[in-house]
Structure formats: structure tokens, C-alpha cells
Amino acid sequence: MYIGILGLGTVGKGTLAGLLRNQAEILRRTGIEILVKSVAVRDPQKIVDLLPIGVSLSTPEQSIADPDIEVIVELIGGVSEAYSYVISAIQAGKHVVTANKELLAIHAEEIFSLAQKHQVMVMFEAAVCGGIPIIKVLREGMAGNKISSLFGIINGTSNYILSQMYQMGR
């Protein structure tokens, strides 16, 4: 399965490194070979020497239009560009993975509705609860339960700030 990554900041670099480092284990566990085909960035000069062999530099539009790429991983952040690329990817029949909280907070209903129409998945576990797999647990593992509410600090930044406040007595 070929994927295209949009954005190679801190999260994008970590995602790329993790996918490359764990490629054999992912194949062993799932039976699916995950291959990063392309990476799209705003400033190609910053990363041209960092790309591993076999991973090409592209634009978001090229990655989305590439018939080999089945999954677009959106890690550029912000709303405007990310929204445009996610919508284009879904319309092109690509599955989407995003860690973009802001995008989902504003456009989730439209994105998920469009994904259902085009029969693709939008995976967003990394955007919720610091990447703890809570969405899958709630959706699948607790499907027989009626959950009426959920309480907790589910944002890593807020958790860090509140922990610091507690530890420093502020």
C-alpha cells in the first residue's frame, strides 16, 4: 500500500521515520506492506537531502493525483490548505489519515459525510487524546455499551499545562 505524506514538520518527520523503521513489523502484523511513495512540503529545499531512497518529493496535488497512492497522510496543520487537500483526496478516492485537531473541529461533519459518500476512511486517532487509541476502543471495544459521557483531559498540551500548575502549586 503506497502512501503520500503531506507535511514534514515535527509530526511528519516522526511519522515517516516510524513507518520506515517499523515497516517489517507492520507487514508481519497486518500482512500489508506500507510504502511511503512521496512527501509533499511547502519548502522543498529544507528536506531534499533528508528524503530516504525510494521516497520522492512532490506537491500535495501530485500525491493526491498519483493513482498508486491509496492513503494520504495530512500533517501540514492549519485549516485552509489542509481542508482543501483532504477534500481533494477524498474526492479522488483516497483514504485519509490526519492529526489535525483544528481541521476536524471545524469541518468534521462535512469531511466524514464526503468520505462515506466516496467509500473511503478518514482516520484521526492521532488528533485525539494524544494518540492514545481511544476512538477505536469506544467504537469497537465498547460497541455494546451506551456511553452517555466521558470526562478527562484529552489534550496533551492542556495536560502538560495543568500538570505543571499542579506540580508548581500555581
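Because only heavy atoms are used, hydrogens play no part in the values below, and waters and symmetry mates are left out as well, while side chains stay in. Nothing fancy with the numbering, it's 1 onward along the sequence.
- Applying the side chain to side chain donor-acceptor pair (under 3.5 Å) rule to Q23 yields no partners; only residues at least two apart in sequence or on another chain are considered.
- Scanning for side-chain contact (heavy atoms from CB on, under 4.5 Å) contacts around T59 gives E61, Q62, with sequence neighbours left out.
- Other members of the cluster containing M168 do not exist, because no ILVMFWY side chain is joined to it at under 4.5 Å.
- In this view, V36 and I3, I5, L16, L19, V39, V55 satisfy the side-chain contact (heavy atoms from CB on, under 4.5 Å) rule, not counting sequence neighbours.
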Please list every donor-acceptor pair under 3.5 Å in which a side-chain atom of residues 109-123 meets a protein atom from a residue at least two apart or in another chain.
unit_1 : atom_1 : unit_2 : atom_2 : d
E110   : OE1    : Y83    : OH     : 2.9
E110   : OE2    : Y83    : OH     : 2.5

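- Not counting sequence neighbours, the partners of E81 by the side chain to side chain donor-acceptor pair (under 3.5 Å) test are R42.
- Annotation: side chain of E74 is not in contact with side chain of V97 (no heavy-atom distance under 4.5 Å).
- The side-chain contact (heavy atoms from CB on, under 4.5 Å) check on P67 picks up nothing, with sequence neighbours excluded.
- Not counting sequence neighbours, H95 has no partner by the ring pair (Phe, Tyr, Trp, His ring centres under 6.0 Å) test.
- For E70, the side chain to side chain donor-acceptor pair (under 3.5 Å) criterion is met by no residue, not counting sequence neighbours.
- Counting Ile, Leu, Val, Met, Phe, Trp and Tyr side chains that sit under 4.5 Å apart, directly or through other members, I72 shares a hydrophobic cluster with Y2, L6, L35, I64, I69, I76, Y85.
- Remark: D68 pairs with K37 by the side chain to side chain donor-acceptor pair (under 3.5 Å) rule, at least two apart or across chains.
- Looking at residues two or more places apart in sequence or on another chain, you find a salt bridge (charged side-chain N to carboxylate O under 4.0 Å, His left out) between E25 and R28, R29.
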